[in-house]
Amino acid sequence: MQLRVPLTVLACALALAACKPQPGAPAAAAPAADAKPAAAAPPAADAKPTGADDNLNAVLWMQRSVEYRASAETIYRAAADKLDAALKQPNWDALVPDERGNAAKGLKPAVVMDVDETVLDNSPYQARLVRDGKEYDEVSWDAWVAEKKAKPVPGVVEFAKAAQAKGVTILYLSNRAVHLKDATLANLRSAGLPVADDSVFLGLGTVVDGCEQNGSEKNCRRLLAGKQYRVLMQFGDQIGDFVQVVANTPEGRDGLLEQYHDWFGERWWMLPNPSYGSWEAMTFNNDYSQSRDARREAKRKALDLAP
């Protein structure tokens, strides 16, 4: 997903809103596939982080626990075991019917992968935010991407190389903006991921003729991928990496899971990401204009206390 906190400013600048809800948007607004929170006002130069950070344990778990590595490797190994079956079935397709504008049979096989926290691990960026008591902003995010230091998520390199060996193209469908393409592809290559050519990067801002993108939703780009490829599998860390999220509400998200429940573990593969995402934004009505304290209070109220 790519990112964790919403690309609100970029989405606006691109006249998108993947339906990443803008400040004050109604609860039914659709979120970004890899939503990141909007930037908070910067602290004073001499300010020190105070109090607990909501993201501390999540980032620490992703960086230090064997459980996280085992989870990611389990997913990628299981997916690799399904590749042959997917290749042998000519009607196998991992795109939902509404995002398949042409027949898939006879097309070259491909796998669609989100980038952030699905293929590349950006936890050092999150760790810096925790250390400094800050939140995501586009300037610091772009600077992190330019460093090209993100390491591969455990298990992904082995899976991607196995797929490539079977003639499967890896497509990187990311909400990293198109101006980050070169740095992203360089990072992917240095991490050992196969990159066929520049066309395999479908970033936020990719123009798809005849399809109006809704914010940072990925449905138009999945439609574009389907024009050239039979999509065997999709990988992501957010529900929006697989299908369009029309309403980022508990009911809307639960409905998607129920509708496509049988696709997970077969055509769709979800990576763990407790650090950020549209699941978090859902709890405070997708409204990042609220203060950090207000958002935290809304998250506390969303806890199930088994009354």
Side-chain angles (χ1 to χ4, degrees), residues 1-20 22 31-39 62 110-129 134-153 156-157 160 169-208 213-222 224-225 234-238 240-241 271 273 275-278 288:
M1 128 120 100
Q2 51 36 306
L3 315 158
R4 334 161 174 40
V5 272
L7 293 165
T8 319
V9 176
L10 174 60
C12 292
L14 294 172
L16 308 164
C19 277
K20 232 177 228 178
Q22 305 305 313
D34 11 15
K36 289 188 171 182
M62 295 176 77
V111 165
V112 168
M113 309 191 84
D114 170 55
V115 172
D116 298 302
E117 280 51 75
T118 299
V119 171
L120 293 180
D121 169 13
N122 302 285
S123 62
Y125 172 75
Q126 294 297 314
R128 295 175 188 181
L129 297 181
K134 296 182 179 179
E135 293 190 90
Y136 164 85
D137 68 82
E138 290 166 7
V139 173
S140 65
W141 171 252
D142 284 12
W144 160 252
V145 172
E147 290 182 40
K148 301 183 285 289
K149 289 181 179 178
K151 296 179 180 179
V153 167
V156 69
V157 172
T169 300
I170 308 298
L171 302 177
Y172 300 99
L173 203 165
S174 171
N175 274 347
R176 289 187 177 202
V178 291
H179 71 270
L180 300 174
K181 179 187 72 174
D182 290 345
T184 298
L185 293 180
N187 197 161
L188 290 168
R189 290 187 175 104
S190 67
L193 277 302
V195 176
D197 54 53
D198 285 9
S199 71
V200 301
F201 178 76
L202 302 174
L204 183 62
T206 299
V207 176
V208 181
Q213 180 168 311
N214 185 13
S216 55
E217 284 289 326
K218 295 181 171 182
N219 55 304
C220 289
R221 285 170 283 162
R222 285 190 290 263
L224 178 62
Q234 295 195 71
F235 292 79
D237 64 301
Q238 310 285 327
D241 291 330
L271 277 294
N273 178 6
S275 182
Y276 65 85
S278 51
Y288 281 101

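Each residue takes its place number in the sequence, starting with 1.
A donor-acceptor pair under 3.5 Å links the side-chain atoms of Gln238 to the main chain of Ser278, judged by distance alone. Judged purely by atom type and a 3.5 angstrom limit, Lys181 has no side-chain atom pairing as donor or acceptor with the backbone of His179.
Interatomic distance, CG of Leu185 versus CG of Leu193, reported as 10.5 Å (0.5 Å rounding). In this structure, the separation between CD on Glu135 and CD on Gln126 is 10.0 Å, given to the nearest 0.5 Å. One distance of note links CZ of Arg128 with OG of Ser140; it measures 9.5 Å at 0.5 Å rounding. Note that the OH atom of Tyr125 and the NZ atom of Lys149 stand 14.5 Å from one another [nearest 0.5 Å]. Rounded to the nearest 0.5 Å, atoms CG (Leu180) and CH2 (Trp141) are 8.5 Å apart.
Taking each heavy atom of Asn122 and Ala150 in turn, the nearest pair found is OD1-CB, 3.8 Å. Counting all heavy atoms, side chain and backbone alike, Asp121 lies closest to Trp144 at O-CZ2, 4.4 Å. When every heavy atom of Val157 is checked against every heavy atom of Ala191, the shortest pair comes out as CG2-O, 3.5 Å. Minimum interatomic distance between Val200 and Asp197 (heavy atoms only, all atoms of both residues): CG2-O, 3.0 Å. Closest approach of Asp116 to Ser174, counting heavy atoms only: OD2-OG, 4.1 Å. Closest of all the heavy-atom pairs between Val119 and Val156 is O-CG1, 3.7 Å.
Side-chain contact check for Arg221 and Thr206: no donor-acceptor pair (N or O, by modelled atom type) lies under 3.5 Å.
Looking at Leu173 and Gln234, their side chains never come closer than 4.5 Å, going by heavy atoms from C-beta outward. Here the side chains of Leu271 and Glu117 are not in contact, with every heavy-atom distance at 4.5 Å or above. With contacts defined as side-chain heavy-atom distances shorter than 4.5 Å, the pair Leu188/Phe201 does not qualify. A heavy-atom distance below 4.5 Å is found between the side chains of Leu202 and Leu224. Side-chain contact between Asn273 and Met62 is present, with heavy atoms from C-beta onward closer than 4.5 Å.
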Item to check | From CA spacing to verdict: side chain to side chain contact (heavy atoms under 4.5 Å, CB included), Ile170, Met113 | outcome: CA-CA 7 Å; Ile170 308 298; Met113 309 191 84; 3.6 Å; yes
